[in-house]
J.: 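Sharing a structure below in structure tokens format, with a few things to ask.
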Amino acid sequence: MINPQGPTADPIYTRTGDFAVFNQLGLKLAFPDDVSKEDYYAWLDTMHEKVGTMVKGAEIAEKSYARKEPRMNTGVYYDTDDYRLLRAGAVLRTTCNIKTHAFCAFKLSEDEHNVRRDHRYSFDGEDKLTIQQAPTSPEAQAAVKRLLARTDIEHPGIHLRERFGLTGDDLSPAVCLRQYRHPFFVWIDKKDALRCSMDRVRVHSMRRPDGEEHEVPFSEIELPVYPHLDEEIANDPRLIELIEALAESLRSWFGIEPISESKYQRAAQVLGLSTS
């Protein structure tokens, strides 16, 4: 059984300018593709009613658009020709939404405490617009390479180079992921605690000529801590209790179990990518 632990000495979230580090604590569970969103929302409606009895002071909240207009994010995963990052459980990707954001992230593999260290740079200006409008385009790829080559600011490429000795010149797009996110939030005593989501995902290989014609689906539910946690909540034992209680409810309701694989690893599995 995966067992999330409380925060370590490192803060959960720090930000300087356009660069942030997020020690992402949480659990994720593989979710069956054949479970309808109506069945998922039936579970969530039950949690609205019961979560406060499961963990004292807990409440579930949803954005007004979440059920009727789930937002689509697009991710492009970069790797070496021999998938060195994939084999190490690491990720270098861009993620964007056409209306809200575009960022580049370098994430390490999950540690023994279910924490993934996420180094993230938020694009702005022309590069942001380029990635939002055409995330797989040569222009978007060029924006990523320019960022990874910079030496005047802190960004994910610096940590990629320190960890793996890799630069942007060593990488090319490997997988494109499109996901519709069905988010919900959990509060403790009216304060942000978890930012959760049920994700319907479709992936294709960017290294096959006909890759886009062969999209493959998978789904999962993520139960991570909210990035901007109040220090009091970050150290509250109910935070871990919440993650465990929701995971156990999902296991009981849908017969699903926690997993440790990243979306990139799951994409590689369903696409049959060879890393040997």
Side-chain angles (χ1 to χ4, degrees), residues 7-25 73-111 113 115-178 205-207 224-229 262-265 267-268 273 275:
T8 64
D10 291 333
I12 289 178
Y13 184 89
T14 57
R15 185 181 183 101
T16 304
D18 292 324
F19 180 74
V21 176
F22 180 23
N23 288 300
Q24 189 176 40
L25 166 70
N73 289 349
T74 301
V76 177
Y77 291 79
Y78 290 74
D79 211 332
T80 61
D81 290 344
D82 61 352
Y83 296 100
R84 184 174 169 189
L85 297 180
L86 176 63
R87 289 187 280 114
V91 164
L92 191 290
R93 76 170 195 271
T94 57
T95 296
C96 68
N97 174 277
I98 189 65
K99 293 182 179 180
T100 58
H101 64 268
F103 64 78
C104 177
F106 169 57
K107 297 179 75 169
L108 299 176
S109 60
E110 185 175 279
D111 69 16
H113 300 304
V115 173
R116 300 196 77 199
R117 191 171 179 87
D118 183 336
H119 311 79
R120 185 173 296 190
Y121 178 87
S122 296
F123 290 100
D124 56 17
E126 228 175 279
D127 285 345
K128 177 181 179 180
L129 188 61
T130 295
I131 292 170
Q132 286 177 303
Q133 292 182 338
T136 63
S137 67
E139 293 78 12
Q141 295 173 39
V144 172
K145 297 294 183 75
R146 283 195 301 273
L147 171 66
L148 298 182
R150 291 182 66 173
T151 59
D152 59 319
I153 59 169
E154 190 169 11
H155 58 80
I158 291 175
H159 298 272
L160 171 73
R161 188 162 56 249
E162 288 176 353
R163 187 79 177 203
F164 291 100
L166 299 173
T167 70
D169 292 336
D170 300 310
L171 308 178
S172 63
V175 167
C176 179
L177 175 152
R178 295 183 176 89
S205 170
M206 293 184 65
R207 295 182 176 175
V225 299
Y226 191 82
H228 309 289
L229 275 185
S262 69
K263 281 189 172 73
Y264 184 31
Q265 289 172 314
L273 299 185
T275 60

J.: Once you round to the nearest 0.5 Å, how far does CZ of Phe19 lie from SG of Cys104?
T.: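 It is 10.0 Å, given to the nearest 0.5 Å.
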J.: Any idea which heavy atoms bring Tyr83 and Leu273 closest together, and the distance?
T.: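 Scanning both residues, the minimum pair turns out to be CE2-CD1, 4.0 Å.
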J.: In plain terms, say whether Asp111 and Arg117 are close enough for a salt bridge, that is, a side-chain N and a carboxylate O under 4.0 Å apart.
T.: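 Arg117 and Asp111: not salt-bridged.
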J.: Can you list the residues that meet the side chain to side chain contact (heavy atoms under 4.5 Å, CB included) rule with Ile153, with sequence neighbours excluded?
T.: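 Ile153: side chain to side chain contact (heavy atoms under 4.5 Å, CB included) contacts with Tyr121, Leu147, Arg150, His155.
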J.: Side chain of Arg15, backbone of Gly17: donor and acceptor closer than 3.5 Å?
T.: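 Such a contact is found between Arg15 side chain and Gly17 backbone.
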J.: With side-chain contact (heavy atoms from CB on, under 4.5 Å) as the test, would you mind laying out the steps for Gln141 and Val76 before giving the verdict?
T.: CA-CA 9 Å; Gln141 295 173 39; Val76 177; 5.9 Å; no
J.: Check whether Arg84 reaches the backbone of Asp79 with its side chain - one donor and one acceptor, N or O, closer than 3.5 Å.
T.: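 Side chain of Arg84 to backbone of Asp79: no pair is present.
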J.: Hey, can you tell me if Phe164 and Phe106 have their rings parallel, tilted or perpendicular (30° and 60° cut-offs)?
T.: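 Rings of Phe164 and Phe106: perpendicular, over 60°.
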J.: Show, in sequence, the C-alpha distance, side-chain angles and deciding distance for Thr167 and Arg161, and conclude whether the side-chain contact (heavy atoms from CB on, under 4.5 Å) test is met.
T.: CA-CA 6 Å; Thr167 70; Arg161 188 162 56 249; 4.1 Å; yes
J.: Just how far is it from atom CZ of Arg207 to atom OG of Ser172, taken to the nearest 0.5 Å?
T.: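 Those atoms lie 3.5 Å apart.
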J.: What's the separation between atom NZ in Lys263 and atom CG in Leu177, rounded to the nearest 0.5 Å?
T.: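 Spacing of NZ (Lys263) from CG (Leu177) equals 7.0 Å.
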J.: Going by the rule side chain to side chain contact (heavy atoms under 4.5 Å, CB included), which residues pair with Thr14 if we only count those two or more places apart in sequence or in a different chain?
T.: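 If we apply the side chain to side chain contact (heavy atoms under 4.5 Å, CB included) test to Thr14, skipping adjacent residues, the hits are Pro11, Val21.
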J.: Tell me the closest heavy-atom pair linking Pro227 and Ile12, and the distance in Å.
T.: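 Scanning both residues, the minimum pair turns out to be O-CG2, 3.9 Å.
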J.: Quick one: list whatever passes ring pair (Phe, Tyr, Trp, His ring centres under 6.0 Å) with Tyr13, sequence neighbours left out.
T.: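 With neighbours one apart ignored, the set is His228.
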J.: Just to verify, what does Gln24 make a side-chain hydrogen bond (donor to acceptor under 3.5 Å, both in side chains) with, not counting sequence neighbours?
T.: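 Gln24 satisfies side-chain hydrogen bond (donor to acceptor under 3.5 Å, both in side chains) with Lys107 once adjacent residues are dropped.
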J.: Please report the C-alpha distance between Glu154 and Thr16 in whole Å, then the side-chain angles of each, then the deciding distance to 0.1 Å, and finally whether the side-chain contact (heavy atoms from CB on, under 4.5 Å) criterion is met.
T.: CA-CA 9 Å; Glu154 190 169 11; Thr16 304; 5.9 Å; no
J.: Determine whether a donor-acceptor pair (N or O, by modelled atom type, separation under 3.5 Å) exists between the side chain of Ser262 and the backbone of Gln265.
T.: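 Answer holds: yes.
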J.: If you round to the nearest 0.5 Å, how far is CG of Leu86 from OH of Tyr77?
T.: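 Output value for this atom pair is 11.0 Å.
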J.: As an exercise, state the distance from CZ of Arg163 to CG of Leu85, rounded to the nearest 0.5 Å.
T.: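 Rounded to the nearest 0.5 Å, the CZ-CG separation comes out at 11.5 Å.
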J.: Under the side-chain contact (heavy atoms from CB on, under 4.5 Å) rule, what do Leu171 and Val144 come out as? Steps first, then yes or no, please.
T.: CA-CA 10 Å; Leu171 308 178; Val144 172; over 6 Å; no
J.: If every non-hydrogen atom of Val175 is compared with every non-hydrogen atom of Ala267, which pair is closest and at what distance?
T.: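 For Val175 versus Ala267, the nearest heavy atoms are CG1-CB, 4.0 Å.
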J.: Taking Asp127 first and then Arg146, would you say they form a salt bridge - that is, a charged N and a carboxylate O separated by under 4.0 Å?
T.: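 Answer for the salt bridge query: yes.
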J.: Does any N or O in the side chain of Lys128 come within less than 3.5 Å of the main-chain N or O of Ser122, such that one atom is a donor and the other an acceptor?
T.: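 Checking the backbone N and O of Ser122 against the side chain of Lys128, no donor-acceptor pair under 3.5 Å is found.
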J.: Name each donor-acceptor pair under 3.5 Å that joins a side chain in residues 92-100 to protein atoms two or more places apart or in another chain, with its distance.
T.:
from  : atom 1 : to     : atom 2 : distance (Å)
Arg93 : NE     : Thr95  : OG1    : 2.6
Asn97 : OD1    : Lys99  : N      : 2.8
Asn97 : OD1    : Thr100 : N      : 3.2
Asn97 : OD1    : Thr100 : OG1    : 3.3
Asn97 : ND2    : Met72  : O      : 3.0

J.: Partners of Glu162 by side chain to side chain contact (heavy atoms under 4.5 Å, CB included), sequence neighbours excluded?
T.: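 Counting only residues at least two positions away or on another chain, Glu162 forms a side chain to side chain contact (heavy atoms under 4.5 Å, CB included) with Ile158, His159.
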